Amino acid sequence: AHGWSNEKVLQNYPQLKANENNVISNTINTSGTTSDNYGVYGRGASDNNITSNNIFAKGLTTSNIGVYLLVQRTNLTERNVISSNDIRTLGSNANAGIRLDTASNNTIVLNKINTTGTGTTNYGVYLTTNSSKNTIISNTVSTNGTSSNFGIYFLTNVSGNTVTLNNITTNGTSSSNYGVYLLINSSFNNITSNIIRTGGTSNGYGVAIQGLSNNNTVVSNIINTSGTTSTNYGLLIQGSSGNNFSSNEVLATGLTSSNYGIYLLSQIGTGNSTNSSHKNMINLNTIRTSGTSSNIGLYLQTAFNNTLLLNNISTDGSSSTNYGVHLLTNSSNNTISSNIISTNGTSVNHGIYILTSSDNVLSLNIVSANGTSNSNYGLFVNASSNHNMFNFTNISTKIGGLSYGIYIDNSSSNIFNNLMIKNSTGRAVFVNKNSTSNNFTNIIINNSGAEAIFLETYLGRLSYDNAFNNITITKTV
């Protein structure tokens with residue numbers, strides 16, 4: 001069922017194109033007993049004005065869409081204005097407030113969009129298949145369903161679009177709800193100055209960029225993703241490169257564990273090839289995560305050549321194992337500089353944790369690792385994490401429980417220059433088993449523990465050829 005459709009115009013007036021129509025100040029209700037009910041439907045339609053309408057598209061099953069514009073053979077769908085409409089959709093699955101297929105240079109502005117489904121995959125604004133250079137500005141977008149609901153969704157070569165000044169809320173009664181989602185070669189898009197909120201149980205995403213979606217700009221957004229259980233993400237970049245994520249305020253929270261502020265990782269592509277996440281810029285963001293345990297502010301997994309600069313990162317947990325910055329599994333050649341990094345929890349919290357990752361440069365960071373119990377680490381370098389460089393960094397750990405400023409385990413040839421380590425109640429520098437040829441120069445240690453520097457040699461667990469030059473040690477009483 002279609003409310004207003006340009007196909008009627010084409011049928012009645014075959015000599016005319018479906019262009020330059022005005023659909024203004026109408027009440028449009030469409031409903032059906034099955035699927036595919038559309039409020040406004042245009043194919044090969046250009047230069048139309050769809051403004052100030054009250055549109056309600058509903059059906060008992062799937063694919064109920066408020067405004068649906070798509071290409072028709074060689075007739076382009078472009079330069080349409082969808083403005084100041086109140087758009088509601090209701091059905092089971094795959095409902096959308098506004099959908100554009102192969103449509104370019106359209107403007108979606110000042111609409112109120114509410115998409116509701118009794119099932120999964122409901123969309124506020126959905127652009128697909130080569131839709132480019134569209135502007136989505138100053139809309140209020142709300143989606144609800146069970147799982148896999150999307151505020152704004154770009155799928156397959158959707159590039160060069162602008163999403164700005166929108167208020168986007170995505171909720172679901174289950175998991176995997178997305179505020180803004182860019183997927184499969186959706187590149188060169190600009191996501192700026194939006195308020196983005198997601199809710200559900202777990203696996204909520206404020207902004208997700210996946211599948212070779214490169215060179216997007218995500219700037220000055222407020223992103224709040226929360227769930228009633230675990231594993232919520234402020235920003236996910238997977239298998240995508242050259243993206244700029246700057247000056248955003250990110251909050252990722254859950255009632256249990258594993259909430260991530262920003263997560264960069266690789267992705268298996270076509271033919272089992274690996275799409276890496278590299279050359280992304282993560283700058284000037286305020287990043288906060290909270291939950292019970294295993295929360296991470298900034299997480300890189302098999303990600304390389306990324307720049308993390310001037311971020312303020314705070315990770316809190318009511319239990320253990322919370323990390324400010326975590327590099328895992330061959331994350332190499334990244335630059336992490338001028339960040340303020342703070343972690344809090346009970347025990348085994350890390351300011352910076354580098355695991356099986358080499359050749360990274362970390363400089364000018366202020367790192368604080370706090371915990372109410374034992375075994376908290378300012379900087380932990382572990383499991384063949386070699387040839388990393390640490391310069392001009394201030395590391396502090398909370399007085400009270402057993403804590404370590406720098407802990408090195410089975411890692412070699414790392415360089416530590418011009419560091420200050422304060423308030424370590426365990427060992428300020430602990431070089432553990434099989435760690436060789438690490439170099440420490442110009443280190444100031446203000447330590448309250450038993451040993452300022454400890455090298456493990458017990459039972460053949462040798463640590464040798466480590467160099468310490470110009471070390472200043474004072475004792476905190």
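Everything numeric here is computed off the predicted structure, so don't read it as measured data.
- Tyr353 pairs with exactly one of Tyr377, Tyr323, Tyr299, Tyr404 by the ring pair (Phe, Tyr, Trp, His ring centres under 6.0 Å) rule, that one being Tyr323.
- Using a 3.5 Å distance cut-off with no hydrogens or angles, the side chains of Ser293 and Thr321 do not pair a donor with an acceptor.
- Residues Thr164 and Asn190 form no side-chain contact, since every pair of their non-hydrogen atoms from C-beta on lies 4.5 Å or further apart.
- Each of Asp465, Asn386, Asn414 was evaluated against Asn438; a single residue qualifies, Asn414, per the side chain to side chain donor-acceptor pair (under 3.5 Å) test.
- Only one option out of Asn295, Asn370, Asn344 pairs with Asp316 in a side chain to side chain donor-acceptor pair (under 3.5 Å); it is Asn344.
- In this structure, a donor-acceptor pair under 3.5 Å is absent between the side chains of Asn305 and Asn333.
- With no hydrogens or angles considered, no side-chain donor-acceptor pair links Ser226 and Thr253 at under 3.5 Å.
- A salt bridge links Arg427 with Glu451; the closest basic N to acidic carboxylate O contact falls under 4.0 Å.
- At a threshold of 4.5 Å between non-hydrogen side-chain atoms, the residues Phe245 and Asn216 do not count as touching.
- Considering Thr343, Asn322, Thr372 as possible partners of Asn349, the one that fulfils the side chain to side chain donor-acceptor pair (under 3.5 Å) test is Asn322.
- Ser202 and Thr231 share no donor-acceptor pair across their side chains, judged by distance under 3.5 Å alone.
- Inter-residue side-chain proximity for Thr129 and Asp101 is flagged as unmet; no heavy-atom pair is nearer than 4.5 Å.
- Heavy atoms only, all atoms of each residue included: Leu69 and Ala103 are closest at O-CB, 4.4 Å.
- Phe416 pairs with exactly one of Asn388, Ile408, Asn391, Leu362 by the side chain to side chain contact (heavy atoms under 4.5 Å, CB included) rule, that one being Ile408.
- The closest side-chain donor-acceptor pair between Gln210 and Tyr181 falls under 3.5 angstrom.
- With no hydrogens or angles considered, a side-chain donor-acceptor pair links Arg197 and Asn167 at under 3.5 Å.
- Tested against Tyr126, the residues Tyr178, Tyr153, Phe154 include a single ring pair (Phe, Tyr, Trp, His ring centres under 6.0 Å) partner, Tyr153.
- Between Ile282 and Asn306, every side-chain heavy-atom pair lies at or beyond the 4.5 Å cut-off.
- Side-chain N/O atoms of Thr120 and Thr146 include no donor and acceptor closer than 3.5 Å.
- Within the 4.5 Å cutoff, side-chain heavy atoms of Asn111 are placed close to those of Ile82.
- Residues Asn311 and Asn339 have side chains that bring a donor and an acceptor to within less than 3.5 angstrom of each other.
- Only one option out of Val381, Leu298, Asn360, Leu264 pairs with Leu327 in a side chain to side chain contact (heavy atoms under 4.5 Å, CB included); it is Asn360.
- Side-chain contact of Asn171 with Thr169: a donor-acceptor pair under 3.5 Å is absent, judged by distance alone.
- Between the side chains of Ser241 and His278, at least one donor N or O lies within less than 3.5 Å of an accepting N or O.
- With Ile108 as the partner, the side chain to side chain contact (heavy atoms under 4.5 Å, CB included) test is satisfied by one option alone out of Ile137, Val67, Leu100, Thr135: Leu100.
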